[in-house]
Amino acid sequence: MAALENVSRRAVLLGLGAGALVISLGLPSLAQEQEEPLKFGADAMPHGWRDDPRIFVAIDPDGTVTVTVHRAEMGQGVRTSIAMAVADELEADWSRVRVAQAPADEPTFGNQDTDGSRSLRHFFEPMRRAGAAARQMLREAAAAEWGVPVEEVTAENHALSHAASGRRAGYGDMASRAAEGEIPVRESLALKSPDKFRYIGRDDVGLIDNPGIVTGAAVYGMDAKAEGMLFAVVARPPVIGGRAVSHDAEAALKVPGVQRVVMIDPPPQPSEFQPLGGVAVIATNTWAAMRGRDVLNIRWEDGPHGAYDSEVFKAELEQAARSSDGAVVRNQGDALTALQEAPRKVEAEYYIPHLAQAPMEPPAALAMIRDGRCEVWACVQAPQVTRVRIAEKLGLPPENVTVNVTLLGGGFGRKSKPDFAIEAAILSREMDGAPVKVVWTRDDDLHHSFYHTVSVERLEAGLDDSGRPVAWLHRTAAPTIGSIFAPDPMQKLPFELGMGLTNMPLDIPNVRAENPKAQAHTRIGWYRSVSNIPHAFAIQSFIAELAHEAGRDHRDYLLEVIGPARKIDPTELGDVWNYGEDPARYPVDTGRLRRVIETATEAAGWGREMPARRGLGLAAHYSFVSYVAVVVEVEVDEAGNVRIPAAHLAIDCGPHVNPDRIRSQMEGAVIMGSGQALTSQITFAQGRAQQDNFDTYLVPRMDTAPREIHVHLVGGEDYGQPLGGVGEPGLPPVTPAITNAIFAATGQRIRRLPVGNQLSS
C-alpha cells in the first residue's frame, strides 16, 4: 500500500514479539474534581499530553531506537526536534535513531494539532521525561540481569555499563527485559542537566528527514500510492455557499481514462472544515481527470456572496473603522478625552488584503474503504480532527478510521482544515471503497483556500508637547475565523484580539481598542501568525509615524514607548487568552522585547549613514509567547522597484532546543514577510478569487528575496524557563520593518499592502 512508515497496532505487537522495547505513554488520572481549576498550555488542549514512554520509544534487538512523533512535519523540523529531546535523555547514539510518524489517535498520543507554535512548547518536557524513563528502565533491566544495584549502572551513548564488574551491554541486549519492567514514577525521574546535553541546543544535528527528502524517498501527501488507485479532481463552487445547477457528465466521460462523474453536495453554511461541494471527476490518471473537469460545462448558482468585491469591501471596512459603534475590547484610562485634549493628534489607516497560505505542496489525500473501515493518507496538520470528521461523514466510529500522516510540503495553517481528506473519503465510498486520491491543483488551492482575513486598522494617537503618546485609539475591522464555525459572527474572537491588540504592552496611560462589525464573504482560516499580521503591521507602522512626527529616532522612540523593563500580567491588558498559556508563567516581558530590539539594531548598524534611496526600517512584536525584532535594509530604484540587501532578525523564544531550526524558521519568516509586504494578495470580484497561480499570486523569488538574512538568537541558556513559540512569531514584524525602511529610503509612507506599484513614478 502507501509507501509510508507509520506506527500501527500490528507493528507494535510484532515489535514486542521480536523482543523490542516498546515503551508507551501514561495517561493522566481520569478522576476529575467537581470544580476544576483553570487549565493552561498542553493541559488545556484536547486530550492533553502524555509522557509515558511505551508508545513513544521502541528499541529493536539490534539497538535501533525508533521515536514515534505525533506532530506533523512540514519543514519546521519537529520530527527531528522531538527525537532530539527523547534521544538526549535516553542517552542514545543519534546515528542509531529513527523516527516513525504516529497516526491520528489523540487518546493514545495526546494532542496532535500541529499549529500555534506549540509542539515543543507543550511536549519538550514530556518527551524528555519519556526518554529519561526509557533510560531508567534499561538501567533497571541491566541491574537485574547483573545482580547489582541500579545506582551503579550507567547508561551512556547507547550502552549500559557497570564499572565495578566491567560488564557492558548495548541497549538492544536489554530491550526485551526492559520492556517487561514497570514505568518509573514521573517524580522519580532524574532529567539531565543542560551541561550534559548531547543534542539539545546543538547546531549540528541536522534534519533526520534530510536523506529521504534529498533522495526522493520521503513520502508527501502527493506521493501516497495504493494498488488500483484512482485519481480525482473536483470542480468546486467559485463562490462560497454556491452550488452546481447543471453539468455535462457525458462530455467528461468521453475523455479517455475518466471512470465516473460524482456530485458532492454543498454543505450547510457555515461549513467549518467540510468540502465546498461541486462535481468530481474520477479517472485512471490525474491528467484525464483534469481534462474531464475542463469539459463539464458547469452552470453555477453563486448564492449570497456572488457580489463580493475587494475594493467595495475595503470601503465598507474603512467606514466601519471610522465609526464609534464597535465593541470596546480594551479600555485603559480615558483615551477619548485624552485624544481631544492632546496638543497634537496623529491618525492613520492601514489595509491588509486577503492572503493564501499557498504551500508548495497543494492539498492531496488518498482514501480507501474496506470491511467497514476507512484508511487515509494525507498531508494534514490536524489528524484527529480529520479522523473524526471523516468518521462523521461516513457514519463510522472514529476507531474504524485510520489517518496516516505524510510529510507536508508546507502547511502554514491551510492543512489544519481537512476538507480535501474528507473529499477523498466521500469519493472512495462512491467507488465502492476503491482507493481514490484527490489532487488539488495550484489554481484549486488559490481559488478555494481558507484565506487570511482582510483587515482595516485605524489608529489615532494624542501626543504631548514632547511628542510622547498620551492617548491611543485602535479600531480593527476584519472578518473573523469564527465565521466558519457559527452563523454571522461579526466580530473577532478573544484569541484573535489577543494577537497584538488587547495585549499590546506599550507604556501609554490611555489606551482604547475597539472592534467594529465585519461580515465574512469567503472562508476565513488560520494563516501563519494569524491576526498578529494586521495588528503588528498597523501598530509598528504607526509608531514609526509618531516618531517621525515627534522628530525622534525611531528606535529610541520605540524603546521609550515600550517603557522600562517590566513583567505584565496579560489579563491586566485585557487579554484573556495569552496563547493558552498561564499568565503567571508567561507574563508579557517588556525587558525581553527591549532586548531583541537592541540586539537587532546593533547588529544592523542602526543609525549609520545610508546611500541615497536606501533606508533601514525597524519593527518588533510579541506573539506566541516569544519576542522578535527585525531591522531590514531596502533599496528603491527610480522605477520604484524594491530590493532587500539585508535583514537582521533577533528572537527570544526561551530555551533553544534546535538552534538550526530556529534560524531556518526565522529565515523563512523574513522571506514570507517580504512577499506579504511587496507582492502577495488575494482579491475578489463577483465573489471569485482573482488569482490563479504564481503568475498572479506573487510570492518572493530568488531575485526579490532578501540577499542576506542574519538571525540572532537571544537568551536561551536557562532550560528551567518555559519555551516560547518559533514557527509563527518571526513573521509579524517583517512587513512593517520593510515598509518603514521604504519610508526611510523614499519618504513615502506605505499604508496599504502589498506595496506593488505604489512606488513607481
Side-chain angles (χ1 to χ4, degrees), residues 317-352 453 455-480 490-518 531-547 549-550 557-558 560-563 566 568-578 583 588 590 593 620-623 732 736 751:
L317 291 178
E318 289 170 343
Q319 183 177 0
R322 293 165 191 169
S323 74
S324 57
D325 297 334
V328 178
V329 295
R330 178 176 173 182
N331 198 16
Q332 168 190 320
D334 187 351
L336 298 181
T337 300
L339 272 170
Q340 291 178 343
E341 296 177 352
R344 281 185 285 175
K345 181 178 176 181
V346 181
E347 58 185 50
E349 286 181 358
Y350 303 91
Y351 175 76
I352 300 90
T453 189
S455 176
V456 167
E457 309 286 322
R458 179 175 177 82
L459 290 99
E460 301 177 14
L463 309 183
D464 63 17
D465 291 329
S466 69
R468 181 181 174 86
V470 294
W472 180 281
L473 172 64
H474 187 160
R475 294 193 183 114
T476 176
T480 173
M490 303 287 261
Q491 288 164 312
K492 293 184 178 181
L493 299 173
F495 84 89
E496 294 167 298
L497 296 170
M499 292 184 170
L501 182 70
T502 53
N503 64 347
M504 181 193 68
L506 301 183
D507 188 17
I508 300 172
N510 303 285
V511 176
R512 183 181 178 95
E514 298 175 3
N515 180 209
K517 293 181 179 180
S531 294
N532 286 291
I533 294 171
H535 298 155
F537 173 59
I539 292 169
Q540 292 299 309
S541 297
F542 195 53
I543 290 173
E545 295 204 37
L546 297 183
E549 175 71 19
Y557 189 86
L558 175 58
E560 182 179 316
V561 172
I562 290 171
R566 62 203 188 282
I568 308 170
D569 184 330
T571 61
E572 295 177 3
L573 301 174
D575 176 21
V576 298
W577 178 53
N578 197 41
V588 180
T590 60
L593 186 60
H621 193 66
Y622 164 78
S623 69
R751 293 175 177 164

Between Ile508 and Pro469, what is the shortest heavy-atom contact and its length? CG2-O, 3.8 Å

Would the number of heavy atoms belonging to other residues, nucleotides or ligands and lying under 6.0 Å from CD of Glu347 be above 12? yes

Non-hydrogen atoms of Gly500 and Asn532 that approach each other most closely: N-OD1, 3.7 Å

Have a look at Lys492 and tell me which of Thr453, Thr476, Asn515, Thr502 forms a side-chain hydrogen bond (donor to acceptor under 3.5 Å, both in side chains) with it. Thr476

Donor-acceptor under 3.5 Å (Arg458 side chain, Glu318 main chain): no

For Arg751, which residues count as a side-chain contact (heavy atoms from CB on, under 4.5 Å) partner, sequence neighbours excluded? Ala348, Tyr350, Glu545, Arg749

Determine yes or no for a side-chain-to-main-chain donor-acceptor pair under 3.5 angstrom, with Arg330 supplying the side chain and Leu573 the backbone. yes

Taken to the nearest 0.5 Å, the spacing of Ile352 CD1 from Ile533 CD1 works out to 9.0 Å

Give a yes or no answer on whether the side chain of Glu496 reaches the backbone of Leu493 with a donor-acceptor pair at less than 3.5 Å. yes

I need the Leu546 CG to Leu558 CG distance, nearest 0.5 Å. 11.0 Å

Separation between CD (Glu560) and CD1 (Ile543), nearest 0.5 Å, reads 11.5 Å

Taking the side chain as C-beta and beyond, is there a heavy-atom pair between Val329 and Leu501 under 4.5 Å? yes

Ala477 and Ala320 have their tightest heavy-atom pair at CB-CB, 4.4 Å

For the residue pair Arg475 and Ser323, what are the closest heavy atoms and their distance? NE-O, 2.9 Å

Give me the one residue out of Glu349, Glu460, Glu457, Glu514 that meets salt bridge (charged side-chain N to carboxylate O under 4.0 Å, His left out) with Arg322. Glu349

Any sub-3.5 Å donor-acceptor pair from Tyr557's side-chain atoms to Gly467's backbone N or O? yes

Under the criterion side-chain contact (heavy atoms from CB on, under 4.5 Å), I'd like the reasoning laid out for His474 against Phe542: C-alpha separation, chi angles, the key distance, then a yes or no. CA-CA 10 Å; His474 187 160; Phe542 195 53; over 6 Å; no

Using only atom types and a distance under 3.5 Å, with no angle test, would you say the side chain of Asn510 pairs donor to acceptor with the backbone of Val470? yes

